[in-house]
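Order of the sequence lines fixes the chain letters, A, B, ..., with proteins taken first and strands second; residue numbering starts at 1 for each chain.
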Amino acid sequence: MTDNKQQSNFIRDIIDSDLESGKNDNRVHTRFPPEPNGYLHIGHAKSICLNFCIAEDYPNGKCNLRFDDTNPVKEEEEYVESIIEDVKWLGFDWEDRLYFASDYFQQLYEYAEQLINAGKAYVDDQSADTIRDTRGTLKELGSNSPYRNRSIEENITLFGKMKAGEFGNGEKVLRAKIDMSHSNLNMRDPVIYRILHADHHHTGNTWCIYPMYDWAHGLEDSIEGITHSICTLEFEDHRPLYDWFLDQLGVYHPQQIEFARLNLNYTIMSKRKLKRLVDEHHVAGWDDPRMPTISGLRRRGYTPESIREFATRIGVAKRDGVIDIALLDHCLRDDLNKRALRVMVVLDPVKVIITNYPEEQVEELDADNNPEDESAGKRKLPFTRELYIERSDFMEDPPKKFFRLGPGREVRLKHAYYITCTNFIKSENGDVTEIHCTYDPATKGGWSDDGRKVRGTLHWVSVQHAVDAEVRLYDHLFNVDNPEADGDDFIQHLNPDSLIINTQAKLEPGLQKARANTNYQFLRNGYFCLDADSAQENIVFNRTVGLRDSWGKKQK
RNA sequence: UGGGGAAUCGUUUAAUUGGCAGGACAGCGGACUCUGACUCCGUCAAUCUAGGUUCAAAUCCUAGUUCCCCAACCA
C-alpha cells in the first residue's frame, strides 16, 4: 500500500458495505462529539481525523462538530472556544453544523416522558449510595428499587416536579426500567436524568435536571441523522443501552462503532493527569510545548498536516496498543523538511578567527532559503573575519571519522569558504576559546573546482552581525516509555531535562525579523519556531524537533 | 462457571475473505550529499498455544492461554 492511498480500515469497510446495501439512503454522516471540559489532545486528533476524513472522502459525506455538554459542573465556555480553534486549525470544516447537546434538552425531556409513558422509566427516590449498593457487582445481581413500580401518572408528575426545581440535588433521579439482574451492569436500570442546580455555560439556569451520557448521546446522534457513530472501545459495553433507548422510542437508529483510542509512548493522554501537570505547575500551562495537547503541539511548531498524516498512518483498529512517538516525529520532520526555511543559528558558540581575512571587510554571500523548494528564494549573509561556529564542530584531537574542524583540517563553511584550522587557544580550565583558521579565497560560495574533497560543512554566524536569542530545547516530558504504569505516580517519571533553556544562541541577522507561525530549520540543528513569549528585545525560539542525527547516535 | 472486546515482524497496520504473509516506523548496513539532514538501495524481523478440517489455514472448527474494558447521579 503506497503512502498517498487512503488505507482501508474496518470502519470504512462497514461504511462501504452499508453503502452497497443502501442502508442509509447513501448517506455518510459522522460527528466529533467532545465534552467541553478540557483541552483537546493528540488522542482527540485521531478521532477528529477519523470522523472528518471519512466525511471528506465519501461523496456527500458530512461531519458535525457537536459539544456533548450534558454536565454543567465540569464544562466551561473557555473549553468550547479552544476546541473550536483546535479543530479548525487541524483544517476541518463542519460548515453550518456546529451543535450543542444542550440545544436538544427540551426534546430529550420529551423523549423521557415518552419512555415513562411506555412504562419504561421511573423516578427513584433512593440516594446515590443506595442505588450503587443495590446495583450489585460484577458477579452479584442487583435488586429492584422499592420505587420501581410507581404508576405512570406519578412518574410523569414527579419528573415534571424534578424539572420545575422542586427537589434538591440528588433527591431524585429518573431511571430506565430494564433489568436489575442483567449481566451487563449498564443495563441495570441506568440513571438517565439527575438533578443539578447548576448554571450551564450554554443554557444558563433554564434547566436543573440534566440527561446522562447514555440517554443523551444516542438521541443526539439520532436527531442529527448520524449514520455511523464512532467512539472508543470503552463504550462497547454501552452499545446495548444505546440500541435499547433508540429501539424503545422507535426513532432513527444510527450505528455505534468502537475503535481503539490512541496511546503514545513517553506521554500521557488522560485529561485528569494532564490537568494535574498544569495545576501542579510541572508545565507552564495547557499549551506548554511539551504537552500533547493540540494547543501545545501548535505552540511547539507542529503543523496540522503532520498531525493529519500521522493520524492516517497509525490506522484504525479495535486492538489497543501503543504507538511509537518516533512515528509522530517522522511525520513532523517529513512535513517540515518540505516547508521550513533554512537559516543558520549557532546554539553553543565558539569563536573562529580567519587570520588571513581583512579586518574590516564584510562580504554579502548568497544562501538559498530552502533547497527543497526553489520558490522560497535566496537571502544574503554577511561574512566577516570573526565568526561563531558550534563548539561541538571542533575537536582538539579528532578521530578519523570526525568530519569537522580540527588542527590542520579543512572544512567548508556553508555558502562561504573553505577554511583550514591553523591554531587554537584554550582557557585555563581547558575550554577552547578561540580557533584560528585561514580561508581559501578561491572557494568563495563554498565550492572549489579543483576536485578537492571536504567532508565537513559547518554552519556559522558573523560575530558582529549575530543576534542574541533564547532557545528552548524540548525533550520527552517523561523518561520512561509508559509513565502511567504506576498509576498516579507518573509524576516521578517526569524528565528533568524536558526543557533546557539556552540563552547564548547566535542568530543570523535576518532572524531579527523572524515571523511567527513560520517553521525554520536551524541548519544541522533541527526545526524551530518563534514562541509566543518572544518579543522584539527578547527573541525566543522553540525547538520543534531535532534533525535525525546518525553521527550523534554513533557517539553514544 | 458475570458480561463485553482483542491477539500478525521490536511497534503499528494489511492480506483480493481459504491461495506466495505485504507496507510503514524503529534498528542495522551501504550509496549520495555545500545540512553526518533529505533522498536512494539493501537488510533484520511476525500469524498467541495445541489439536482438527483441507491439495492448501492468519483466515474455518474444537479446546486452551494472555491482555484490555465495565460496579459515577462522569463522558
May I ask you to verify if any side-chain N or O of [X] is less than 4.0 angstrom from the OP1 or OP2 atom of [N]?
{"X": "A/H330", "N": "B/C25", "result": "yes"}
{"X": "A/R524", "N": "B/G36", "result": "yes"}
{"X": "A/R313", "N": "B/U11", "result": "no"}
{"X": "A/S8", "N": "B/A14", "result": "no"}
{"X": "A/K553", "N": "B/G27", "result": "yes"}

For [N], give the paired nucleotide (Watson-Crick: N1-N3 plus N6-O4 or O6-N4; G-U: N1-O2 and O6-N3; both under 3.5 Å), or none.
{"N": "B/C9", "value": "none"}
{"N": "B/C20", "value": "none"}
{"N": "B/U39", "value": "B/A31"}
{"N": "B/C48", "value": "B/G64"}
{"N": "B/A15", "value": "none"}
{"N": "B/U1", "value": "none"}

If you look at every strand shown and take non-hydrogen atoms under 4.0 Å, does [X] touch a base, only sugar-phosphate, or nothing?
{"X": "A/I314", "result": "sugar-phosphate"}
{"X": "A/K554", "result": "nothing"}
{"X": "A/E140", "result": "nothing"}
{"X": "A/L523", "result": "base"}

Closest-nucleotide ordering on RNA chain B, the 5'-leading residue of A/G136 and A/R239: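 On the 5' side of the pair lies A/R239.
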
With 3.5 Å as the limit, what N/O pairs link the protein to nucleotides 73-75 of chain B?
residue, atom, partner, partner atom, Å
B/C73, OP1, A/R135, NH2, 3.4
B/C73, OP2, A/R135, NH1, 3.4
B/C73, OP2, A/R135, NH2, 3.3
B/C73, N4, A/Q126, O, 3.0
B/C73, N4, A/A128, N, 2.9
B/C73, N4, A/G170, O, 3.2
B/C74, OP2, A/R194, NE, 3.0
B/C74, OP2, A/R194, NH2, 2.8
B/C74, O3', A/R194, NH2, 3.2
B/C74, O2', A/N71, ND2, 3.1
B/A75, OP1, A/T70, OG1, 2.7
B/A75, OP1, A/R194, NH1, 3.3
B/A75, OP1, A/R194, NH2, 3.0
B/A75, OP2, A/Y213, N, 2.9
B/A75, O3', A/D68, OD2, 2.9
B/A75, N6, A/H238, NE2, 3.3

Counting side-chain heavy atoms from C-beta on, which of [options] comes nearest to [X]?
{"X": "A/K318", "options": "B/C25, B/G4, B/A6", "answer": "B/A6"}
{"X": "A/E236", "options": "B/A15, B/G5, B/U33", "answer": "B/G5"}
{"X": "A/N337", "options": "B/C38, B/C70, B/A14", "answer": "B/C38"}
{"X": "A/F403", "options": "B/U11, B/G36, B/U39", "answer": "B/G36"}
{"X": "A/I323", "options": "B/A37, B/U12, B/A26", "answer": "B/U12"}

Are the aromatic ring centres of A/Y242 and A/H238 under 6.0 angstrom apart?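 A/Y242 vs A/H238: aromatic centres not under 6.0 Å.
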
Please find out if less than 6.0 Å separates the ring center of A/Y111 from that of A/F245.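 No.
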
Which class fits the ring pair A/F522 and A/F541: parallel under 30°, tilted 30 to 60°, perpendicular over 60°?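 Perpendicular, since the angle between the ring planes exceeds 60°.
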
In terms of the angle between their ring planes, are A/F105 and A/W207 parallel, tilted or perpendicular, with boundaries placed at 30° and 60°?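 Taking A/W207 first and then A/F105, their aromatic rings stand perpendicular (interplane angle over 60°).
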
Would A/K444 pass as a cation-pi partner of A/Y417, given that its NZ or CZ must be under 6.0 Å from the six-membered ring centre and within 45 degrees of the axis?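 Pair A/K444/A/Y417 does not count as cation-pi.
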
When the [atom1] atoms of [N] and [M] are considered, how many whole Å apart are they?
{"N": "B/A14", "M": "B/A58", "atom1": "C1'", "answer": "11 Å"}
{"N": "B/U13", "M": "B/C69", "atom1": "C1'", "answer": "23 Å"}
{"N": "B/U43", "M": "B/G23", "atom1": "P", "answer": "11 Å"}

Run through A/F159, A/Y147, A/F167 and flag the one making a side-chain contact (heavy atoms from CB on, under 4.5 Å) with A/K172.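 In the set A/F159, A/Y147, A/F167, the residue that makes a side-chain contact (heavy atoms from CB on, under 4.5 Å) with A/K172 is A/F167.
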
Any salt bridge linking [X] with [Y]? Criterion: basic side-chain nitrogen under 4.0 Å from a carboxylate oxygen.
{"X": "A/D366", "Y": "A/K378", "answer": "no"}
{"X": "A/R339", "Y": "A/E372", "answer": "no"}
{"X": "A/R148", "Y": "A/D124", "answer": "no"}

Torsion-based syn/anti label for B/U54, 90° from 0 as limit: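 Anti.
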
